[in-house]
Amino acid sequence: MNQRIYLDYSATTPVKQEVLNEMLPYFTEKFGNPSSIHSFGREAKQAVDVARDRIAKAIGAKQEEIFFTGGGSEADNWAIKGIVYANKEKGNHIITTKIEHHAVLHTCEYLEKNGFEVTYLDVDQYGMIDIDQLKNAITDKTILITLMFANNEIGTIQPIKEIGALAKERKVYFHTDAVQAFGNVNINVNDLNIDMMSISAHKIYGPKGVGALYIRKGVKINALLHGGAQERRRRAGTENLPGIVGFGKAAELAMQNLDTHITHTASLRDRLVKGILDKVDFVKVNGHPIHRLPGNVNFAFEFIEGESLLLSLDMLGISGSSGSACTSGSLDPSHVLMAIGLTHEIAHGSLRLSIGDFTKEEDIDYVINELPKIVDRLRQMSPLYEKVKGGQK
Amino acid sequence: MNQRIYLDYSATTPVKQEVLNEMLPYFTEKFGNPSSIHSFGREAKQAVDVARDRIAKAIGAKQEEIFFTGGGSEADNWAIKGIVYANKEKGNHIITTKIEHHAVLHTCEYLEKNGFEVTYLDVDQYGMIDIDQLKNAITDKTILITLMFANNEIGTIQPIKEIGALAKERKVYFHTDAVQAFGNVNINVNDLNIDMMSISAHKIYGPKGVGALYIRKGVKINALLHGGAQERRRRAGTENLPGIVGFGKAAELAMQNLDTHITHTASLRDRLVKGILDKVDFVKVNGHPIHRLPGNVNFAFEFIEGESLLLSLDMLGISGSSGSACTSGSLDPSHVLMAIGLTHEIAHGSLRLSIGDFTKEEDIDYVINELPKIVDRLRQMSPLYEKVKGGQK
Amino acid sequence: MYSEKVMDHFMNPRNVGEIENADGVGQVGNVKCGDIMKMYLKIEDDVIVDVKFKTFGCGSAIATSSIATEMIKGKTIQDALKLTNRAVVEALDGLPAQKVHCSVLAEQAVKSALFDYAQKRNIVLEGLEDFKPDEDHHDHEEEHE
Amino acid sequence: MYSEKVMDHFMNPRNVGEIENADGVGQVGNVKCGDIMKMYLKIEDDVIVDVKFKTFGCGSAIATSSIATEMIKGKTIQDALKLTNRAVVEALDGLPAQKVHCSVLAEQAVKSALFDYAQKRNIVLEGLEDFKPDEDHHDHEEEHE
Ligand SMILES: Cc1ncc(COP(=O)(O)O)c(C=O)c1O
Ligand SMILES: Cc1ncc(COP(=O)(O)O)c(C=O)c1O
């Protein structure tokens, strides 16, 4: 393996050098605790404020509406548990979808065991919710709609503006997991009527282990982590100072580069899709054809299994991901692929290749050249392929 | 201000260069998501495993008993909420002390509002609990003792071995917040019969925003953060890879250097205490005279207030901390200083100077030279000092 | 955290000290909250000809005491009674939200000393009719969410 | 994650293919779980003279199939029936815990093909008396905590 081609930007991204450069002084020199009143503390506090401001600007929020967390999962847990426990006298009903990230889904399942009722909305073959189903699901017990902005597996972007408007009209809190959307889509929390929004640094070329929850002023929410007075008494724990600084810089860069980022990743995506569809039969592209993340490609190759596909790619230095059960260590293939109506068989053959700022055209061409050979090799080994050989199918 | 003398190591520490060096590749090159099966993912996973092993070794635990978190506060919240909700059919009683860190205290207060009963043990003038009071507090409803290893303000170290033995005998889970103790005291979780232990990287020259919870195999505990399958399905969220790597290195270094660290910090502490007591009247040293953290000094200066002391020191480049209400933004002075029986007046005049590996003898001498002048200046301004001037008191 | 003005008045406080046989002495605050201000006035012909203070408290408590003494020195009693905590805050180029209570304390210290003066003279000062010297003026305006 | 041996058998699987007019054919696993193994045997005088497989599944499913064919090729039926999943795992220098079920599947694929052979011949093979070819041998040994 002479080169490594990373096509798993949806899983995580490298930290950009400019981001790391901003972080570095905060490890060894400007290392103060932002809660301290001495000079080390004050310079730390100021750096946190700058980062908070950058993130607020990136989503059209006010500084004091941004709360740093230890990542996207913590933000999701906090938003959901925080809202439902703070508002449980109003109702016990939550609405979400079948294709949420596990941080939302497992939190909802946990709450179901603790007296809350959850409606899991269906999605169509493209992964889109049905706004009418959502409308009908709202009852006078509904306290929260938590509905992801863009899906991490198949890239489908939901009609967030319509959902936000509906939530506002029906006076239900609206949380969206925008971990995948942020940095790939222009987001203004006011235009979209979002009450809470989860974001995470490591998906936008910032560091792992830091995220944020946007909480609209006035939203009634409990703390998830109790303790010190950090984050305006809402999220305890010494701030991850370099992480926060890096997140702020990454968010700023993401906004500055948004257009070029989208153009770059979408054009490589289109090249990849076309290249593979031209060369391989019995393959499907998952997700919505138009309303989708620019860098996400999700193929379903029939007759073969995703992990063996990934391993074969990995031997050539190409890094991708799969919704196959074998890669997640669970018994079933991805809940997202099942929700869009794929059979088990086809869901197992899924391959997600996600493109980012460092992806080059030649990387894509290499994949277009190698992937069909791998698919063919695995199909030759597959007992499921026998039946269709020679085009009988 | 020509130099800066940092004496707030209990608040946070700088990241050591060796620690940062180990972290660096994991931001930009080896940046994979440890859950991914491709080469980037595998090298990330391996780095997490190495760190986990180092931390396990440092406390005499097994690798699979270490769970990474976003910091000490999260570890405390998780340990306490996780245990009491998982074991609520056994009882609803928690025992803790009046001098815990807010991450423990506010978590207990939150649980009190949710049907749990909490006993807050007293401490004596040195900050020590009374083991008999603890014994008597245990009822058949008691499910958890959460009792800090060493106090962050006054440095007192509790009789953890006795407490652990008692908890074991009475079959009550024992959690200890060792955020301040770890790296300053030799800890073996088996010798001490600890069931759960919170630690945090940024107190031991590692990065902020990463901590760990030790959970003894077999302990029944719920998750606090739901979602992905990370940390053996117990703590969701993409791992803070560079942070974890740094924590592992910092723990390894801390164990290697433990003896020199203790000798160095304790000797500077003794020098500082002696220097100040020789020159200043009406001052008390808080905490236990023997069972205490090596680098912690906590003075209570009569007739003056802590924030003005801190500000004056800060003008000279000296960074300390205080339990005064004015520095915490709360109405009352530190709950710890009140619990050891100080009057409000004296508690307000507290000054914590905490010494670390980078503290030099000349730093201490500078403080010994300057601090008495500051104390005197502030006393000259104080209406409380009038009465004792000329030694009438 | 603090403006340069605050730091200047904290590090170089004006009018620190006591006045023997002062015409009015006022003390406000309490040790519980960690701020006590004591103010001494020398008054001649309804004019504050000298003022001194002693303060136990945080940086802003000392700075607000200091600037308040400057703001009333040489003023008539009536002008001194017009001193508001807001004016003190402005004169210091602002105070952090949780420190605004110190400026209230400074205003009250002045009033308390003038009240003492009035009592000794057995007069009633306009604006101090309802003044209660022992009331706790210590109002921490905190942001609890 | 995987040993070199596993990766070798995954990337260069031995005995892939089909045998026309095979003496025994067995298929185990199901698409739901994502693993299907199909094994073909050519048997002469109680000896497995040729064996081929086709597998739909993850890397370890392919590797266990491959090594299992190597381990039984040239062996007598009785020796082949002694093949255990443990032997397969050892021959591959180990498998990750959550992949051990693939080795079970490989053992069962061999047994299933031999069972088919026995049925065609109308004989009963010692060790396969209770074998149920349609049973789900797919046992994910997962670590759920
Ligand atoms: C849609 C979505 N939500 C939440 C998360 C969790 O974020 P984090 O990994 O920062 O905990 C992720 C990524 O892992 C994601 O893709
Ligand atoms: C005793 C103690 N417990 C818990 C914590 C919280 O740890 P962290 O800052 O990593 O959240 C601290 C320090 O802040 C501490 O000193």
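What you see is a predicted model; the values in this text were computed from it and never measured. Letters go in sequence order (proteins before strands), and every chain restarts at 1.
- With salt bridges taken as basic N to acidic carboxylate O contacts below 4.0 Å, one links D:Lys54 and D:Glu18.
- Side-chain atoms of A:Asp8 and A:Ser319 include no donor-acceptor pair closer than 3.5 Å.
- Heavy-atom contacts from other residues, nucleotides or ligands closer than 6.0 Å to CD of D:Glu129 number more than 12.
- Heavy atoms closer than 4.5 Å to chain A are found nowhere in D:Met37, neither backbone nor side chain.
- Taking the centre of each ring, A:Phe116 and A:Tyr85 come in below the 6.0 Å mark.
- Heavy-atom distances place the side chain of A:Arg377, and not its backbone, under 4.5 Å from chain D.
- The most heavy-atom pairs under 4.5 Å with chain A, out of D:Gln27, D:Met11, D:Lys38, come from D:Met11.
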Test log, rule side chain to side chain donor-acceptor pair (under 3.5 Å), inputs D:Asp46 and D:Thr76: CA-CA 6 Å; D:Asp46 274 5; D:Thr76 62; over 6 Å; no
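- Of the atoms belonging to D:Ser60, it is backbone heavy atoms, and not side-chain ones, that fall under 4.5 Å from chain A.
- Heavy atoms of D:Ile62 lying under 4.5 Å from chain A belong exclusively to its side chain.
- In this structure, the portion of D:Pro13 lying under 4.5 Å from any heavy atom of chain A is its side chain and not its backbone.
- With a threshold of 4.5 angstrom between heavy atoms, A:Leu311 approaches chain D through its backbone and through its side chain.
- Under a cut-off of 6.0 angstrom, the local environment of CD in A:Glu117 is sparse, with at most 12 non-hydrogen atoms contributed by other residues, nucleotides or ligands.
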